[in-house]
Amino acid sequence: MPKVTRIGVTFPPELLKDFDEIINKMGYESRSKAIQDAVRLYVSDRKWIKEEDTVQTGVILMVYDHDAKGLESELTETQHEHSSIITSTLHVHISEQDCLEAIAVKGKASEIHHLSDELTTRRGVKILKTTIVTV
Ligand code: NI
Ligand code: NI
């Protein structure tokens, strides 16, 4: 394998602008190094996804638009379907429009991964972070 591989990536302009502002403030000399660091962090955060059969514990943190048509009942339905790995759910009304839900999960990594993907791909879900605690 070569030492480095060059890839082409497209960005929404707003995202790139925010990214550049942050990495300039941080003192990065090139975008490449900053993007490599970001991807490395992304991979490290998701290492657990590869360990499908082990039991993991963590929290799914989700922000969604409660005005999105049908979303709230879909989210509830999905959580009922996966109630065997959900230990508790906390709901916070952030603003007129947005809700935050913290879903505590304990179960096989593959099931947590499945649940997390099922929620994050719904239209109206704005942010979803799955944090697995490794002790
Ligand atoms: Ni709410
Ligand atoms: Ni499912």
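This chain uses plain numbering: 1 for the first residue, then up along the sequence. Here the structure is a predicted model, which means the values were calculated and not measured. Just so you know, ligand 1 is whichever comes first in the structure, and atom 1 is the first atom listed for that ligand.
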J.: Of all N/O/S atoms in Glu118, which lies nearest to the Ni ion (ligand 2)?
T.: OE1

J.: Tell me, which N, O or S atom in His91 is closest to the Ni ion (ligand 1)?
T.: NE2

J.: Quick one: report the N, O or S atom of His93 that is nearest to the Ni ion (ligand 1).
T.: ND1

J.: Taking side chain to side chain donor-acceptor pair (under 3.5 Å) as the criterion, tell me which of Arg122, Arg123, Gln97, Glu72 meets it with Tyr64.
T.: Glu72

J.: Backbone N or O of Glu74 within a donor-acceptor pair of the Thr78 side chain at under 3.5 Å?
T.: yes

J.: Would you indicate whether the side-chain heavy atoms of Thr120 and Thr130 approach each other to under 4.5 Å?
T.: no

J.: Measuring to the Ni ion (ligand 1), does His66 have an N/O/S atom at a distance below 2.8 Å?
T.: no

J.: Leu16 versus Arg31: any side-chain heavy-atom pair under 4.5 Å?
T.: yes

